[in-house]
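Notes follow once the structure below has been shown.
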Amino acid sequence: MSDNYDCIIVGAGPAGLAAALYTSRDRLRTLVLEKFMPGGQINNTDRIENYPGIERIDGPGLVAQMQKQAENFGAEIKNGSEVTGMEKLQDGNIAISCDEDKYVARSVILAPGSDYRNLGVPGEDQFRGSGVSYCGTCDAPFFRGKHVVAVGGGNTAVEETLHLAKFAEKVTMIHRRDEFRAAEILVEELLEKANEPNSNLTIKYSTVATAINGDNKVRSATLKNVKTDQEEDYPCDGVFIFVGMVPNTGFLKGFVELTDSGFIKCECGYLRTSVPGVFVAGDCRIGAAMQLATAAGDGVVAAMMLKQYFRDPNWWNEPVSDVLPPGGR
């Protein structure tokens with residue numbers, strides 16, 4: 001068992017690295033445990049144009065800057081360290097098991113992120129980041145004048161498809177069922193858009209994608225009607241997949257409160273979880289916006305709330321008020 005840390009951060013994506021910057025800059029002894037390598041999903045992004053203050057950068061480039069900044073203030077980052085369990089100790093500290101190692105901290109910020117749920121079809125991995133996307137808000141502007149296929153039927157799928165239609169020349173939305181699972185008001189907006197004269201939005205029901213095809217970029221998608229089993233090679237320039245997120249929280253079952261889908265329950269203003277001293281940040285929590293900038297913002301908020309917990313541990317049990325507790329600089 002190692003010496004105690006002031007803060008251990010689980011996950012070195014944008015949320016975890018932003019938190020590490022703030023905690024280490026406040027002279028808190030900080031350890032970041034990362035299962036693979038820093039960056040998470042953002043490493044798969046070759047163009048970032050919606051991060052405030054940075055006109056354009058690739059994912060690995062931004063991650064390298066964030067990591068260096070945190071390490072310059074003293075944050076310790078351990079790659080290849082998969083957290084397997086956590087335990088609240090009698091003295092109020094938190095023990096974190098990581099393979100054969102165990103670490104102890106006064107506080108923890110959970111930022112393990114989430115993964116996009118995949119279709120699992122041929123070509124999906126090959127063209128990921130080169131025509132296959134999971135975020136319309138992030139990537140729609142790159143498809144101006146293009147034809148894209150959008151896959152899904154929930155709230156996010158409908159919202160993101162409507163966003164795509166503002167940029168792409170043509171959007172074909174496919175859904176495996178005969179009706180959408182999204183909220184009725186969203187479905188009404190989608191159908192209204194699709195029924196407009198000369199609309200650039202087409203909907204194909206009872207349809208799934210069975211392959212994504214191309215050479216150096218996406219050229220088409222193989223679409224299959226689930227009722228007739230008929231397939232067609234459907235020309236397109238990109239495929240957007242909106243079939244849900246899978247939070248990386250399996251190791252937290254029985255430790256903090258999770259939703260049925262595995263997202264971490266918290267107070268969205270303070271980012272407090274059900275366990276005193278344990279905060280959450282980024283895409284793994286309920287109510288997350290699933291954006292790079294908001295993930296980084298979560299990391300900052302968690303780090304600032306952590307200092308309030310250090311000042312007054314009883315604050316954890318106080319109800320949410322209209323005024324946030326005093327933060328840092």
Side-chain angles (χ1 to χ4, degrees), residues 11-18 21 34 36-70 111 113-119 121 123-152 156-157 159-173 200 209 212-221 235-245 281-283 288-300:
L17 292 175
L21 168 63
E34 167 56 43
F36 298 114
M37 59 183 293
Q41 292 179 33
I42 205 67
N43 282 326
N44 299 320
T45 303
D46 60 356
R47 288 184 294 179
I48 298 170
E49 298 179 334
N50 60 348
Y51 193 77
I54 298 178
E55 186 170 343
R56 180 168 175 171
I57 194 171
D58 61 26
L62 179 62
V63 170
Q65 291 185 22
M66 296 181 74
Q67 179 179 352
K68 181 180 178 182
Q69 196 174 14
S114 296
D115 291 328
Y116 293 108
R117 183 172 281 114
N118 297 333
L119 290 180
V121 301
E124 180 177 5
D125 289 338
Q126 177 184 349
F127 296 108
R128 189 187 306 266
S130 300
V132 171
S133 174
Y134 301 84
C135 180
T137 303
C138 310
D139 296 334
F142 302 135
F143 289 83
R144 293 180 188 272
K146 304 293 186 179
H147 176 196
V148 300
V149 171
V151 184
T156 298
E159 291 174 338
E160 294 281 64
T161 298
L162 287 167
H163 183 71
L164 282 172
K166 297 176 182 178
F167 296 89
E169 181 177 339
K170 181 179 179 182
V171 179
T172 301
M173 186 178 193
N200 67 334
I212 300 169
N213 316 302
D215 36 48
N216 61 330
K217 63 179 182 179
V218 172
R219 301 289 184 181
S220 69
C236 64
D237 302 295
V239 178
F240 282 77
I241 301 169
F242 308 125
V243 293
M245 302 288 294
D283 296 353
M290 306 294 180
Q291 295 294 303
L292 168 62
T294 55
D298 268 11
V300 173

Interatomic spacing from CG in L62 to OG1 in T45 - rounded to 0.5 Å:
10.0 Å

Backbone of A281 reached by a side-chain donor or acceptor of D298 within 3.5 Å:
no

Considering only distance and modelled atom types, tabulate donor-acceptor pairs under 3.5 Å from the side chains of residues 123-131, sequence neighbours left out.
{"unit_1": "E124", "atom_1": "OE1", "unit_2": "L119", "atom_2": "N", "d": "3.1"}
{"unit_1": "E124", "atom_1": "OE1", "unit_2": "G120", "atom_2": "N", "d": "2.6"}
{"unit_1": "E124", "atom_1": "OE1", "unit_2": "V121", "atom_2": "N", "d": "3.4"}
{"unit_1": "E124", "atom_1": "OE2", "unit_2": "L119", "atom_2": "N", "d": "3.1"}
{"unit_1": "E124", "atom_1": "OE2", "unit_2": "Y134", "atom_2": "OH", "d": "2.6"}
{"unit_1": "D125", "atom_1": "OD1", "unit_2": "R128", "atom_2": "NH2", "d": "2.4"}
{"unit_1": "R128", "atom_1": "NH1", "unit_2": "Y134", "atom_2": "OH", "d": "3.0"}

Closest approach of G282 and A288, non-hydrogen atoms and distance?
O-CB, 3.4 Å

Step by step, would you call C236 with K170 a side-chain contact (heavy atoms from CB on, under 4.5 Å)?
CA-CA 9 Å; C236 64; K170 181 179 179 182; over 6 Å; no

Closest heavy-atom contact between A293 and Y51?
CA-CE1, 3.9 Å

Once rounded to the nearest 0.5 Å, what's the spacing between atom NE2 of H163 and atom SG of C138?
8.5 Å

For V243 and G152 the tightest heavy-atom approach is CG1-CA, 4.4 Å

Check step by step if side-chain contact (heavy atoms from CB on, under 4.5 Å) holds for I241 and Y116.
CA-CA 9 Å; I241 301 169; Y116 293 108; over 6 Å; no

So, the side chain of D237 versus the backbone of F143: is there a donor-acceptor pair under 3.5 Å, distance only?
no

Inter-residue atom distance L162.CG - M173.CE, 0.5 Å rounding
8.0 Å

Quick one: are D139 and F240 in side-chain contact, heavy atoms under 4.5 Å?
yes

Using a 3.5 Å distance criterion without hydrogens, assess whether the side chain of N213 forms a donor-acceptor pair with backbone atoms of R219.
no

When rounded to the nearest 0.5 Å, the distance separating CZ of F142 from CZ of R47 is 4.5 Å

Can you name the nearest heavy-atom pair linking L292 to P14, along with the distance?
CD1-CG, 3.4 Å

Could you check if a side-chain atom of D215 sits within less than 4.5 angstrom of a side-chain atom of K217, using non-hydrogen atoms only?
yes

Within a strict 4.5 Å, meaning less than it, do heavy atoms of the N50 and Q291 side chains meet?
yes

Using side-chain hydrogen bond (donor to acceptor under 3.5 Å, both in side chains) as the criterion, list what pairs up with T294, not counting sequence neighbours.
none

Using modelled atom types only, decide if a donor and an acceptor are shared between the side chain of N200 and the backbone of V171 within a distance under 3.5 Å.
no

Between I54 and R56, does the side-chain contact (heavy atoms from CB on, under 4.5 Å) criterion hold? Intermediate values first, please.
CA-CA 6 Å; I54 298 178; R56 180 168 175 171; 5.9 Å; no

Does the D283 side chain pair with the main chain of G113, one donor and one acceptor, at a distance under 3.5 Å?
no

Identify the two heavy atoms, one from P141 and one from F167, that lie closest to each other, and give their separation to 0.1 Å.
CA-CD2, 3.7 Å

Distance col, row L17:CG vs Q65:CD, nearest 0.5 angstrom, shows 12.0 Å

Please report the interatomic distance OG(S133) to CG(L164), rounded to the nearest 0.5 Å.
8.0 Å

Minimum heavy-atom separation for A150 to T161, with atom names?
CB-OG1, 3.4 Å

Flag side-chain contact, heavy atom, 4.5 Å: L21 against M66:
no

